[in-house]
Number of protein chains: 2
Amino acid sequence: MRPSKKDELVRKALDVYYRHGFHASGMDLVAKETGISKTAIYNHFRTKDDLILAVIQLRDEEFRAWMVSRIEALGDTAESRLLAVFDAHAEWFAQKGFFGCLFIKACAEFQDVDHPIHQQSCAHQRQALAYYHDLAKKAGFSSPADIALSIWLLAQGAIVAAVMGVVDDPAGDARKAAVTLLCTAKRQD
Amino acid sequence: MRPSKKDELVRKALDVYYRHGFHASGMDLVAKETGISKTAIYNHFRTKDDLILAVIQLRDEEFRAWMVSRIEALGDTAESRLLAVFDAHAEWFAQKGFFGCLFIKACAEFQDVDHPIHQQSCAHQRQALAYYHDLAKKAGFSSPADIALSIWLLAQGAIVAAVMGVVDDPAGDARKAAVTLLCTAKRQD
DNA sequence: GACTTTAAATACCGATCGGTACATTTAGTA
DNA sequence: TACTAAATGTACCGATCGGTATTTAAAGTC
């Protein structure tokens with residue numbers, strides 16, 4: 001089999017799980033939506049959890065690559081990129097198929113901290129934080145860890161707000177708070 | 001039947017759903033864990049969704065009451081209470097049975113924005129924001145809406161961080177950012 | 001104590017769950 | 001073209017899903 005077949009399956013399965021949830025999507029539905037029979041699916045993956053794990057990993061790679069590319073396109077310096085984080089999130093929220101953060105949802109459905117799906121989802125979030133930390137260091141802030149964490153917390157809050165429709169422009173609101181935090185931190189340098 | 005019987009059912013069902021998730025918890029499990037037969041459950045609630053909705057409503061009342069009482073105990077002025085929000089969250093995260101925010105998880109499992117469970121969960125979050133807004137107004141900030149939203153975003157981010165174990169003390173980290181924001185806002189008054 | 005009414009327990013419904021045995025098709029080899 | 005091996009689709013497995021019909025137990029009422 002060509003590797004693209006397997007990748008195609010995972011990508012289509014990602015759509016299904018993202019839209020309908022993990023436990024709510026049975027293997028029959030996945031088979032129907034992907035156009036690949038259950039037998040073929042189970043030829044590639046031993047269990048449903050294995051498939052979901054592959055879905056999480058694909059989303060991890062694709063989404064992180066997309067987010068980084070947007071941040072780097074929207075900001076030309078390390079400091080401006082810390083704010084571009086929220087512009088990129090605003091773009092994400094505005095996408096037609098936006099249904100929240102797959103990793104937050106995965107942790108919500110697979111609560112056991114030892115579960116691979118849970119751990120993989122957490123790893124994604126840590127990498128996001130690490131990226132912000134890198135930006136904060138390059139921007140020359142005296143306490144880059146605090147800056148990075150603030151950005152991360154505001155971004156995650158914005159995602160929750162976007163899903164729950166608490167405010168109209170969660171990314172913009174989070175950005176305003178981030179501007180204040182960065183300005184204050186800069187003044188102390 | 002006495003009303004306490006029904007309340008007892010809902011409270012025990014809350015435990016089950018909070019620990020195992022909504023779709024992952026079948027009615028047979030709920031019956032076993034609550035010690036109430038399915039027939040009795042369906043005598044009180046027409047469908048599983050109705051039971052879940054009652055669970056969400058109970059959690060809404062109980063959790064909001066608990067959070068407000070802790071915030072008011074931990075802070076004696078409106079401004080200090082805006083920071084006590086994070087101390088209360090720290091207490092919550094430290095509780096043995098902490099498994100994240102039920103409302104975030106409910107929205108993750110019931111994505112349809114028209115679904116009553118989804119809407120009820122969103123309503124809870126809006127009420128939290130409204131409470132922060134009230135505190136910000138009483139504290140005399142010039143733009144209480146921005147302050148309240150910042151607090152809310154940081155708190156939600158802290159919850160996500162607590163669930164995903166991204167950092168050791170998410171509530172404390174969020175508090176630090178909030179302190180900076182409140183100080184900056186105060187200076188502009 | 002006999003009778004009625006109400007509530008809960010058991011057993012069961014069709015549908016769907018995750019997963020698989022087996023028949024069928026396809027592709028490669030000679 | 002005959003044969004083999006890999007991949008696929010179909011049909012099905014026991015278990016469990018949400019929900020209910022029926023039976024059993026409990027509580028009044030006279």
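Computed from a predicted structure; not experimentally measured. Below, all heavy atoms of this structure are taken into account, side chains as well, without hydrogens, waters or symmetry copies. Chain A is the first sequence line, chain B the second, and so forth, proteins listed ahead of strands; every chain is numbered from 1.
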Asks: According to side-chain hydrogen bond (donor to acceptor under 3.5 Å, both in side chains), does anything in residues 152-170 of chain B pair up with another residue at least two apart or in another chain? List the pairs.
Replies: B/Gln125-B/Gln156
Asks: From CG of B/Asp50 over to C1' of D/dG18, roughly how many Å is that when rounded to an integer?
Replies: 13 Å
Asks: Once the angle between the rings of B/His115 and B/Phe110 is folded into 0 to 90°, is it parallel (under 30°), tilted (30 to 60°) or perpendicular (over 60°)?
Replies: tilted
Asks: Please determine whether a side-chain nitrogen of the Lys or Arg among A/Glu62 and A/Arg11 lies less than 4.0 Å from a carboxylate oxygen of the Asp or Glu.
Replies: yes
Asks: Round to the nearest Å and state the distance from B/Met27 atom CE to D/dT20 atom C1'.
Replies: 12 Å
Asks: For the pair made of OH in A/Tyr42 and C1' in D/dG9, what is the distance, rounded to whole Å?
Replies: 16 Å
Asks: D/dG19 P sits how many Å from B/Leu51 CG, rounded?
Replies: 10 Å
Asks: What residues form a ring-ring contact (aromatic ring centres under 6.0 Å, His included) with A/Phe86, not counting sequence neighbours?
Replies: none
Asks: How many whole angstroms separate atom CD1 of A/Ile41 from atom P of C/dT20?
Replies: 13 Å
Asks: Please state how far atom CG in B/Asn43 lies from atom C1' in D/dT23, giving the value in whole angstrom units.
Replies: 16 Å
Asks: In whole Å, I'd like the distance from the NZ atom of A/Lys48 to the P atom of C/dC17.
Replies: 8 Å
Asks: With the criterion being N/O to N/O and under 3.5 Å, what pairs connect the protein with nucleotides 9-12 of chain C, and how long is each?
Replies:
{"unit_1": "C/dA9", "atom_1": "OP2", "unit_2": "B/Ser37", "atom_2": "N", "d": "3.4"}
{"unit_1": "C/dA9", "atom_1": "OP2", "unit_2": "B/Ser37", "atom_2": "OG", "d": "2.7"}
{"unit_1": "C/dA9", "atom_1": "N7", "unit_2": "B/Thr39", "atom_2": "OG1", "d": "3.3"}
{"unit_1": "C/dT10", "atom_1": "O4", "unit_2": "B/Thr39", "atom_2": "OG1", "d": "2.7"}

Asks: Under the 6.0 Å and 45° cation-pi test, does B/Arg59 pair with B/Tyr18?
Replies: yes
Asks: Would you kindly give the NE2-to-P distance between A/His23 and C/dG18, to the nearest whole Å?
Replies: 9 Å
Asks: Tell me whether the rings of B/Phe98 and B/Trp92 are parallel (<30°), tilted (30 to 60°) or perpendicular (>60°).
Replies: perpendicular
